[in-house]
Amino acid sequence: MDMNKIEKKWQDQWAKTHLNEFDKRSDAPKLYVLEMFSYPSGAKLHIGHWYNYGPTDSYARFKRMQGYNVFQPMGFDAFGLPAENYAIKTGVHPKDSTEKNIATMEGQLQAMGAMFDWSAEVKTCGEDYYKWTQWMFLQLYKKGLAYRKEAPVNWCPSCQTVLANEQVVENRCERCGSEVVRKNLTQWFFKITEYAEELLTGLDKLDWPEKTKNMQRNWIGKSTGCEIEFDAESGDKIKVFTTRCDTVFGVTYIVLAPEHSLALKLTTPEQEEAVRAYIDYASKANEIERLSSTREKTGVFTGSYAVNPLNGKRVPIYLADYVLASYGTGAVMAVPAHDERDFAFATKYHLPIEKVIEKKGGETELPFTEDGIVSGSVEFDGLFGEEARDAIAAKVSKLGKGGKKVNYRLRDWLVSRQRYWGAPIPVIHCEKCGAVPVPEKDLPVRLPYDVEFRPDGKSPLAKHEKFMNTVCPVCGGAAKRDPDTLDTFVCSSWYYLRYADAHNEKLPFDREAVDRLLPVDTYVGGAEHACMHLLYARFFTKALRDMGYLDFDEPFKRLVHQGVILGPDGNRMSKSHGNVVSPDEYVKEYGADAFRLYLMFGFSYTEGGPWSDDGIKAIARFMDRVEKIALKVRDYKLPRGEEPFGQEEKALNYARNFAISRMNKDLEAFSFNTAIARLMELVNAIYKYDGLEKKNIALLKDTVRDLILLMAPCAPHFAEELWHLLGGKYSVFEERYPKEDPAALVLDEKEYAVQVNSKIVCKAMIASSAGNEEIEARALSLPEVQEKTAGKTVKKCIVVPGRLVNLIVG
RNA sequence: GCGGAUAUGGCGGAAUUGGCAGACGCGUUGGACUUAGAAUCCAAUGGGCAACCGUGCAGGUUCAAGUCCUGUUAUCCGCACCA
């Protein structure tokens, strides 16, 4: 077969007959199968795309043949930094390069033969899309879920620009090499923390990989503890958060993060110089370096003291950057005896260490950080762990100095980007009225084309006079637009909703259309999105639900991560490694179907692994064998009379039904490699049967027919062609996927492994109907068994029906 | 440091969840067809001459362990001073 020609032929035919589109009139149960959309950075599809989309398409086609009304859309996550960096390097405008890349990729995605519903295509950089991304921002703003605050960012003083974390290499600017500093800038945030608890508990009912759910759990990082207020002698109140309030009598000092709002206020004149120097020092360390636990602890004394509300003790107040401003209250009570970090700090700065917890039944070695028996804490002495924490928290609350409190590690989502190639933030800044949202009727806020995006210190849009200057929608006075754009993760947080109603000009999506298709039944994509995209999308869904636009809680019911195909050398494919394998040459030589089959067969889908093309020829041979036998059997004439149905026919029928049964299970489970293996076994069985002198032609024809149907989801063009050649009605995908006949899977007799004292002695065919005693008797009668059991008595006999019999003798 | 995953022939990978380890395929070897090769087809293929030994390593539970338990090593991934 000339696969390239055949593929084109059927692709055209499928498009012409709208075979790939979701059937809006059908009343078959819907099934929304979604692959994470592509980012059009390179011009071509790489192996990763094929690996993500090919096998998943086979799953979608399989479900379609099972009778589901399948919706499988595709689109492009088209905004983003790479296109902008490419523009800075080459001068090609991001819009131009992106559109060109999209056009190429569309062609390639079509050539793959996946049944993408192109009528629902979405491109996030299109005005008709980002208009609604901006609309989303406005709804979140209205709901109080979008707000502005000052936050630290990575700032390169030489380029005069904010850098993304990925652009900071060893605390230096990736581009110019200058040292990056932390700087506070006013930025827009989404209040994802408002949903922390639901994002956490919602995970339990999702059919997602456990690993991914755990990553999200850790990311959200719920921790239950106690907030306690310490009074500073200046009159200020310092709130600290602790999970170990049972150690509160062991507090020997207080630590504030260097960015804490009280840091300078609490500093005494004698300490001022040292404190300012320290704050400056801490601001230079970037976040990643700060968080390194191997880093030696540093800090400075403020000169002030605070009072422990439980024992009235006066303790010094320090600043240290091992305390994070962004977590809890940005201040901690230090208990060096029972916390490793405090212990290290106290040791270095010669601060007192007071033991207030004793190890149960053993020597207490400091720092002792496990639960233990409280001591030196007056009325709480003798209490243990949780019991002690409950009692002390109750006391704290009685004193009016705090109480139990839950904290999350999750932080609000910073969505402002000082970049060009993204959706402009729909906000106008007015001197009189402040930050004013753009009225919905004025959307979209268009991203201008003629912008100087080369970095020279300001947000690219800030230099565009025409864009920036506008009027305040409230007072009508002169005002400026927000010069920032939205993080591209905002665009991808709702695209799966837009697919359902991709061309709606009045709304982001029609409620009815979304109710019809959502949630996504099966979502397939890389594991690298575990804590970003997948969390943000869940947040959007919940927020939209609470605003009344949706009525489900979770966007993705089932989630599957494909593995990663590495370079032949075992490293991640990258230009710098020089190990990039392009799918194109293989597709050209063997065809899309062969390439897809090989990707399915050669790897465990969720594991991936190093690329090797060792087996691709075998796939071509396999397809060849299928074609040959199919055409050969097609030309057999059906005899008039009755056809034989003996042992050989039973065996073939068993192989056929076994393959059917396993294909159904394996495809459902994304176990593509074993599914293809089952097809190969069936082909082998057909060949074997065909080699017989006398054969049942009708059975053989039926079996070949089933083989083509079974294969159709995995090799769609190839199967469609064979189906056509065998006189089948267009399209093979309108046929039902075969279902096994359970009767054909019941064998008259089964092969048993016969063991004596748990060692295999021989094998024996035993009737399926035999009872345990019969099986035991049969086993004992075997000569190999008699040899081993001669002169011994059988103490026990274990029978595993249909598999094994084990005689214990002694 | 914490958390998770993985470890099976020369290779990619299977194993009805505790029941014949190595399905399927690659590779290799032998054979057939061919002037020859390619392609194709047939056969063999975990190791060992054998008794036997074999699922990273050391123990354990069990009639029976790749699978369960304890410990350990290596690799990969995620988080990383979260009080």
Side-chain angles (χ1 to χ4, degrees), chain A residues 209-219 221-223 225-226 240-245 247 255 257 287-288 290-297 320-324 326-335 338-342 344-345 369 407-411 527-528 530-531 564 566 570 598 601-604 606-607 609-619 621-622 624-625 628 661-662 665-666 671 673-684 687 691 751-763 795-809:
Chain A
E210 271 315 309
K211 188 183 165 192
T212 306
K213 291 206 264 184
N214 262 326
M215 276 168 69
Q216 289 209 358
R217 286 189 189 108
N218 292 335
W219 192 261
K222 181 178 183 173
S223 97
C226 184
V240 302
F241 175 74
T242 177
T243 52
R244 290 299 304 278
C245 67
T247 64
V255 194
E287 188 120 4
I288 292 166
R290 269 190 75 179
L291 296 186
S292 161
S293 51
T294 52
R295 190 157 170 258
E296 196 178 337
K297 303 213 166 3
D321 68 1
Y322 77 89
V323 173
L324 307 175
S326 53
Y327 182 77
T329 60
V332 304
M333 58 178 221
V335 187
H338 305 293
D339 181 282
E340 280 173 28
R341 297 153 299 183
D342 298 341
F345 189 83
T369 58
N407 257 312
Y408 299 91
R409 205 188 75 103
L410 184 69
R411 299 175 201 179
E528 67 275 17
C531 292
V564 180
L566 305 168
Y598 179 60
F601 182 61
F603 308 84
S604 162
T606 53
E607 298 289 315
W611 172 259
S612 138
D613 58 11
D614 278 352
I616 197 156
K617 281 209 184 88
I619 290 292
R621 176 154 58 230
F622 164 66
D624 229 46
R625 273 164 67 79
K628 263 189 213 150
S661 154
R662 288 298 305 266
K665 283 190 192 118
D666 287 351
S671 179
N673 53 349
T674 53
I676 307 302
R678 302 287 89 90
L679 289 175
M680 290 172 168
E681 281 170 347
L682 179 57
V683 171
N684 291 343
Y687 265 88
E751 190 187 63
Y752 276 70
V754 181
Q755 300 183 328
V756 173
N757 287 341
S758 305
K759 292 214 164 170
I760 305 253
V761 172
C762 63
K763 297 183 179 175
K795 286 187 191 156
K796 199 172 169 187
C797 174
I798 293 137
V799 174
V800 181
R803 300 190 66 82
L804 164 149
V805 49
N806 186 6
L807 296 160
I808 310 301
V809 300

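Convention: sequence-line order gives letters A, B, ...; per-chain numbering from 1.
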* Which whole number of Å gives the distance between the P atom of B:rU45 and that of B:rG25? -> 14 Å

* Asked: With respect to the phosphate group of B:rC26, does any side-chain polar atom (N or O) of A:S612 fall under 4.0 Å of OP1 or OP2?
  -> no

* Compare every heavy atom of A:A334 with every heavy atom of A:D342, then report the nearest pair and how far apart it is. => OD2-CA, 3.3 Å

* Which one, B:rC20, B:rG3, B:rA83, comes nearest to the side chain of A:V323? -> B:rA83

* To do: Look through every strand shown and name the nucleotide pairing with B:rA43 as Watson-Crick or G-U wobble, where both distances are under 3.5 Å.
  => B:rU29

* Structure fact -> Of the listed B:rA83, B:rA23, B:rC20, the closest approach to the A:Y327 side chain comes from B:rA83

* Return no unless some side-chain N or O of A:N673 is found under 4.0 Å from OP1 or OP2 of B:rA14. => yes

* Structure fact -> Relative to its sugar, using the 90° cut-off around 0, the base of B:rU17 is syn

* Just checking, is any N or O donor in the side chain of A:N684 or A:R625 under 3.5 Å from an acceptor N or O on the other one? -> yes

* Asked: Are A:N806 and A:S758 linked by a side-chain donor-acceptor pair shorter than 3.5 Å?
  -> yes

* Rounded to the nearest Å, what distance is computed from the CZ atom of residue A:F601 to the C1' atom of nucleotide B:rC11? -> 13 Å

* State, to 0.1 Å, how close A:V323 and A:G330 come at their nearest heavy-atom pair, and which atoms those are. => CG1-O, 3.6 Å

* To do: Sticking with atom P, work out how far B:rG37 lies from B:rA21, rounded to a whole angstrom.
  => 41 Å

* Asked: Counting any heavy atom closer than 4.0 Å, what does A:I808 reach on the DNA or RNA strands: base, sugar-phosphate only, or nothing?
  -> sugar-phosphate

* May I ask you to say what A:N684 touches in the nucleic acid, namely base, sugar-phosphate or nothing, with a heavy-atom cut-off under 4.0 Å? => sugar-phosphate

* **Atom-pair distance (CG on A:D321; P on B:rA80), nearest Å** => 16 Å

* Taking atom CD of A:E340 as the centre, report whether more than 12 heavy atoms of other residues, nucleotides or ligands fall under 6.0 Å from it. => no

* To do: Round to the nearest Å and state the distance from A:R621 atom CZ to B:rC24 atom P.
  => 15 Å

* **Nucleotide of B:rC41, B:rG13, B:rC20 approaching A:L804 most closely (side-chain heavy atoms)** => B:rC20

* Structure fact -> Picking from B:rG19, B:rC79, B:rC77, the nucleotide nearest the side-chain atoms of A:K211 would be B:rC77

* Any N/O donor-acceptor pair, A:K796 side-chain to B:rC63 base, under 3.5 Å -> no

* Can you tell me the pairing partner of B:rU34 across any strand shown, Watson-Crick or G-U wobble, with both distances under 3.5 angstrom? => none

* Asked: When you compare B:rA14 with B:rA23, how far apart are their P atoms, in angstrom units rounded to a whole number?
  -> 13 Å

* Asked: If only side-chain N and O atoms of A:R662 are considered, is one of them under 4.0 Å from the OP1 or OP2 phosphate oxygen of B:rC24?
  -> no

* Identify, between A:S223 and A:I760, the residue whose nearest nucleotide on RNA chain B lies closer to the 5' end. => A:I760

* **From B:rA83, B:rG3, B:rA23, nucleotide with atom closest to A:T242 side chain** => B:rA83

* **C1'-based separation of B:rG71 from B:rC79 [nearest Å]** => 26 Å

* Structure fact -> Scanning all shown strands, the Watson-Crick or wobble mate of B:rG1 with both distances under 3.5 Å is B:rC79

* Could you check if the base of B:rG9 is syn or anti? Syn means the glycosidic torsion is within 90 degrees of 0. => syn

* Which one is paired to B:rG9, where only Watson-Crick or G-U wobble pairs with both distances under 3.5 angstrom count? -> none

* Asked: For B:rC24, does either OP1 or OP2 sit under 4.0 Å from a side-chain N or O belonging to A:R678?
  -> no

* To do: Measure the acute angle between the ring planes of A:F603 and A:W611, then classify it against the limits of 30° and 60° as parallel, tilted or perpendicular.
  => parallel

* Asked: Is there a side-chain polar atom (N or O) of A:Y322 under 4.0 Å from OP1 or OP2 of B:rA83?
  -> no

* **Pairwise P distance for B:rC49 and B:rG10, with rounding to whole Å** => 15 Å

* In whole angstrom, give me the gap between the C1' atoms of B:rU34 and B:rU40. => 11 Å

* Side chain of A:V800: nearest nucleotide among B:rC24, B:rG19, B:rA14? -> B:rG19

* Examine B:rC79: is either OP1 or OP2 under 4.0 Å from a nitrogen or oxygen in the side chain of A:R217? Give yes or no. => no

* Taking the same atom, P, in B:rU6 and in B:rG13, what whole-Å distance lies between them? -> 14 Å

* Looking only at non-hydrogen atoms, find the nearest pair between A:R244 and A:T369 and report the distance. => NH1-O, 2.9 Å

* Closest to side chain of A:A618, choosing from B:rG25, B:rA23, B:rG13 -> B:rG25

* **Check: B:rC63 base within 3.5 Å donor-acceptor of A:N806 side chain** => yes

* Whole-Å distance separating the CE atom of A:M215 from the C1' atom of B:rA80 -> 13 Å

* Take A:I619 and A:M680, measure what side chain to side chain contact (heavy atoms under 4.5 Å, CB included) needs, and give me the verdict at the end. => CA-CA 10 Å; A:I619 290 292; A:M680 290 172 168; 4.0 Å; yes

* NZ of A:K213 versus P of B:rC77: gap in Å, rounded? -> 24 Å

* Structure fact -> Minimal heavy-atom distance between A:L804 and A:Y752, with the atoms involved, is N-CD2, 3.5 Å

* Structure fact -> By the Watson-Crick or G-U definition, both distances under 3.5 Å, B:rG54 is matched with none

* What nucleic acid atoms does A:G328 come within less than 4.0 Å of, heavy atoms only: base, sugar-phosphate, or nothing? -> nothing

* Both distances under 3.5 Å, Watson-Crick or G-U wobble: report the partner of B:rG18, or none. => none

* To do: In whole angstrom, give me the gap between the C1' atoms of B:rG9 and B:rA64.
  => 24 Å

* Which nucleotide in B:rG19, B:rA83, B:rC20 has an atom nearest any side-chain atom of A:T243 -> B:rA83

* Asked: Over how many whole Å does the gap from A:E607 atom CD to B:rA14 atom C1' extend?
  -> 13 Å

* Rounding to a whole Å, what distance do you find between A:K222:NZ and B:rG3:P? -> 21 Å

* Asked: Tell me: CG of A:D624 to P of B:rC41, nearest whole Å?
  -> 9 Å

* Asked: Nearest to the side chain of A:R409, which nucleotide is it out of B:rA80, B:rC24, B:rU40?
  -> B:rA80

* Across the strands shown, which category fits A:K795 at heavy-atom distances under 4.0 angstrom: base, sugar-phosphate, nothing? -> nothing

* Mapping A:D614 and A:W219 onto RNA chain B by nearest heavy atom, which one lands closer to the 5' end? -> A:D614

